[in-house]
Structure formats: structure tokens, C-alpha cells
Amino acid sequence: MHKNSSNEELQPYLNKKTVLVCKKDQDFILEGTPVVGLYFVYQGKAKIAKTGLMGKEQIIRFAKPGEIVGHRGFGYSQEYQISAKALERTVLCSFSTEVITKALLTVPSLTYDLLTFYSEELNRSETKVKKFAQMTVREKVIDALLYINRKFGQSKGLLNLQLTRKEIADFAGTTEEQVIRVLSSLKKEKLLNTEGKKIGIERVELLSKEIADHNYFIDS
DNA sequence: TCATTAACTGTCG
DNA sequence: CGACAGTTAATGA
């Protein structure tokens with residue numbers, strides 16, 4: 001998506017963007033709130049989640065710079081089906097639904113990009129269903145860690161995304177305690193490093209091997 | 001110093 | 001495996 005910033009065809013639309021700066025932990029989309037437009041992450045990181053009954057939260061995915069947020073908001077739905085929160089200081093560009101609609105109708109490359117994005121998203125959520133149904137807690141936690149590694153990478157041996165164990169649990173579909181237990185046993189097996197809140201993956205290949213049976217799509 | 005938060009452990013259904 | 005209770009360590013008002 002970001003690569004389109006250079007496209008001249010898009011310039012008239014880019015001028016209509018609104019820049020929004022979020023502080024850490026700030027929500028910029030609330031579930032059930034009227035749709036106002038579409039967001040792109042320019043800087044920072046965000047988490048996209050759905051809150052179920054009983055305050056249980058399911059983290060759908062994380063977004064990094066260049067990614068789109070709130071895409072399910074336009075079209076027919078009147079309200080956002082998800083909520084999004086900045087994980088750190090995050091800069092967002094937002095476009096109104098009208099602007100996006102016009103842009104999509106006139107710039108094919110943008111439409112194509114969005115289509116690709118949707119298709120990947122659908123793939124992800126389909127394999128996620130399978131994962132949640134078939135994987136053990138240990139595998140789900142490993143899977144979550146590998147996802148974070150793929151998306152954000154590591155620097156000096158630690159994951160570039162700092163999450164609480166609770167957030168990892170909400171993403172993996174378990175509870176905080178289970179995550180802690182898996183984490184500490186992985187640490188004992190020397191597959192993992194842990195420094196307080198920070199986590200480092202020592203042997204990515206070994207972890208991938210454990211969930212290989214479930215990885216139909218490498219990038220899910 | 002006290003209070004809060006997060007990481008962690010033990011145990012039970 | 002999930003839920004609850006309880007301990008410990010770090011942090012900050």
C-alpha cells in the first residue's frame with residue numbers, strides 16, 4: 001500500500017488525507033463505532049482486536065507501517081467490527097470513505113493492491129480457524145511468536161515487538177498463564193530467551209519444525 | 001513507603 | 001486445559 005505514495009494518479013487523493021498521531025495505548029478505532037474511513041499506519045505499530053463477551057479479547061493481527069487498518073469498515077457496514085489500538089506512539093493517515101471510493105474507482109493499481117490484501121487476510125483467517133481447532137496450546141504460542149518474528153523481526157536477539165504475556169495469549173487464543181508456562185519451558189529447552197517482558201527466539205528453525213504439520217501456508 | 005502492575009507458580013475441577 | 005489464588009519483583013506516585 002505504501003508503495004503507492006509515489007503514484008501520481010494518487011496525489012489528488014493523498015492530499016485529502018488526515019494525519020493522526022496516537023499516543024501509546026490509544027484507541028483509534030472502537031468496535032461498534034460508526035465508520036469514518038480507512039487508516040494507514042505510517043509509523044509505529046498497532047493491534048487489531050475484537051472483544052467478545054466477558055471482556056475476552058481476541059487479537060486478530062498486528063499492523064506495522066505501510067499496512068491498512070479498518071478496511072472492513074467501508075462498503076456496507078455502518079459500524080466497525082473491530083477495534084484498533086496503538087502499541088506505541090503511532091502516526092496514522094486516514095481517508096474518508098468517499099475519498100477512498102473515488103480512488104479505488106480511478107486507480108486500478110490501488111484496487112489491485114487492496115484485492116491482494118483482502119485475499120491474504122481471508123487466507124489468514126481461514127487457517128486461523130484450523131489452528132485454533134487443532135493446535136495444542138504450546139503450538140499456538142509458538143505459532144504466535146513466529147508470526148511476530150516474521151512480521152517485526154528481532155534486533156539484538158530480541159523481538160522488535162514488545163507485548164505483555166496477556167497480549168500474546170489474546171493473540172494465540174489462550175490464557176496468560178498458559179503462555180507463561182510455554183514460555184518458561186521453551187526457555188528451559190534453550191529455544192528461547194527471556195528478559196523480563198522482552199522475548200528472544202534463539203532457534204527459529206527448531207520452533208518452526210514443531211508446528212510444521214500445521215503450516216499449510218508459511219505466511220499465515 | 002505504599003500501591004499498582006506484570007511475571008510467575010501451585011493447584012483444583 | 002482453563003480458572004483461581006497467591007507470591008515475587010519492578011516501578012512509580
Side-chain angles (χ1 to χ4, degrees), chain A residues 21-31 41 43-64 69 81-90 124-217 220:
Chain A
V21 179
C22 287
K23 287 172 271 184
K24 181 174 168 21
D25 289 336
Q26 186 177 339
D27 289 302
F28 55 94
I29 297 180
L30 285 179
E31 198 170 342
V41 178
Q43 255 177 36
K45 303 176 182 79
K47 70 173 175 187
I48 291 82
K50 211 169 165 53
T51 55
L53 322 164
M54 325 155 283
K56 298 291 180 197
E57 196 178 46
Q58 176 62 56
I59 297 179
I60 313 292
R61 65 192 178 96
F62 296 96
K64 63 180 176 183
V69 180
Q81 303 300 309
I82 45 94
S83 62
K85 173 179 285 201
L87 292 170
E88 57 190 55
R89 183 182 174 279
T90 297
R124 251 174 253 249
S125 55
E126 282 171 357
T127 70
K128 195 155 196 149
V129 170
K130 172 183 150 54
K131 280 176 184 167
F132 274 30
Q134 299 181 354
M135 292 172 87
T136 66
V137 167
R138 181 184 164 101
E139 288 166 336
K140 286 194 276 191
V141 172
I142 291 175
D143 186 61
L145 291 173
L146 289 174
Y147 167 87
I148 295 167
N149 180 50
R150 273 198 305 275
K151 191 147 199 169
F152 297 95
Q154 302 191 78
S155 45
K156 69 171 179 63
L158 295 172
L159 286 175
N160 282 329
L161 178 62
Q162 165 151 329
L163 293 175
T164 65
R165 318 277 145 144
K166 173 103 179 57
E167 285 171 322
I168 297 173
D170 289 340
F171 181 58
T174 355
T175 60
E176 181 180 3
E177 295 92 325
Q178 306 287 346
V179 170
I180 290 170
R181 287 184 169 114
V182 173
L183 249 37
S184 37
S185 58
L186 288 177
K187 194 178 175 182
K188 272 180 198 145
E189 297 166 36
K190 305 285 182 200
L191 295 170
L192 218 66
N193 245 343
T194 238
E195 252 181 51
K197 208 180 222 185
K198 297 187 171 76
I199 298 169
I201 301 177
E202 300 269 290
R203 305 286 305 277
V204 175
E205 334 83 51
L206 286 179
L207 286 181
S208 314
K209 212 176 156 189
E210 278 207 40
I211 58 167
D213 297 342
H214 301 277
N215 264 355
Y216 290 165
F217 302 100
S220 64

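Here the structure is a predicted model, which means the values were calculated and not measured. Letters A, B, ... are given to chains in the order of the sequence lines, protein chains preceding strands, and every chain is numbered from 1.
Going from atom CG of A:L163 over to atom CD1 of A:I59 covers 7.0 Å, rounded to the nearest 0.5 Å. A:N149 CG to A:N160 CG: the interatomic distance, rounded to the nearest 0.5 Å, is 9.0 Å.
Legend: residues meeting side-chain contact (heavy atoms from CB on, under 4.5 Å) with A:K45, ordered by chain and number and at least two apart, are A:L87, A:E88, A:F152, A:L161.
Terminal axes of the helix from B:dT1-C:dA13 to B:dG13-C:dC1 (five pairs each, C1' rotation axis) are separated by 10°, to the nearest 10°.
Pairs engaging residues 180-208 of chain A under the ring-ring contact (aromatic ring centres under 6.0 Å, His included) rule: none recorded [sequence neighbours left out]. Listed by first and then second residue, the ring-ring contact (aromatic ring centres under 6.0 Å, His included) pairs involving residues 180-204 of chain A amount to none (not counting sequence neighbours). Legend: salt bridge (charged side-chain N to carboxylate O under 4.0 Å, His left out) pairs involving residues 194-209 of chain A, not counting sequence neighbours, sorted by first then second residue: A:R203-A:E205. For residues 177-199 of chain A, no residue pair satisfies the ring-ring contact (aromatic ring centres under 6.0 Å, His included) rule, not counting sequence neighbours. Listed by first and then second residue, the salt bridge (charged side-chain N to carboxylate O under 4.0 Å, His left out) pairs involving residues 167-180 of chain A are A:K47-A:E167, A:K166-A:D170 (not counting sequence neighbours). Here ring-ring contact (aromatic ring centres under 6.0 Å, His included) pairs that include residues 157-200 of chain A, with residues two or more places apart or in two chains, are A:F62-A:F171, A:Y147-A:F171.
A side-chain N or O of A:E31 and one of A:T51 form a donor-acceptor pair less than 3.5 Å apart.
Here the C1' atom of nucleotide C:dC1 and the CZ atom of A:F132 are 15 Å apart, to the nearest Å.
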Show me, pair by pair, the donor-acceptor contacts under 3.5 angstrom made by side chains of residues 178-191 of chain A, not counting sequence neighbours?
| from | atom 1 | to | atom 2 | distance (Å) |
| --- | --- | --- | --- | --- |
| A:S184 | OG | A:I180 | O | 2.8 |
| A:S184 | OG | A:R181 | O | 3.3 |
| A:S185 | OG | A:R181 | O | 3.2 |
| A:S185 | OG | A:V182 | O | 3.0 |
| A:E189 | OE1 | A:R138 | NH2 | 3.0 |
| A:E189 | OE2 | A:R138 | NH1 | 3.1 |

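A salt bridge between A:D143 and A:K131 is present, with a side-chain N of the basic residue lying under 4.0 Å from a carboxylate O of the acidic one.
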Practice problem: Starting at the 5' end of nucleotides 7-13 of chain C, put B wherever the base has a protein heavy atom under 4.0 Å, S where only the sugar-phosphate does, and a dash everywhere else. | Solution: -------
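Think of the region where chain A sits on DNA chain B: with heavy atoms and a 4.0 Å cut, that region ends 5' and 3' at B:dA7 to B:dT11.
Non-hydrogen atoms lying under 4.0 Å from DNA chain C are contributed by A:T175, A:E177, A:Q178, A:R181, all within residues 175-196 of chain A.
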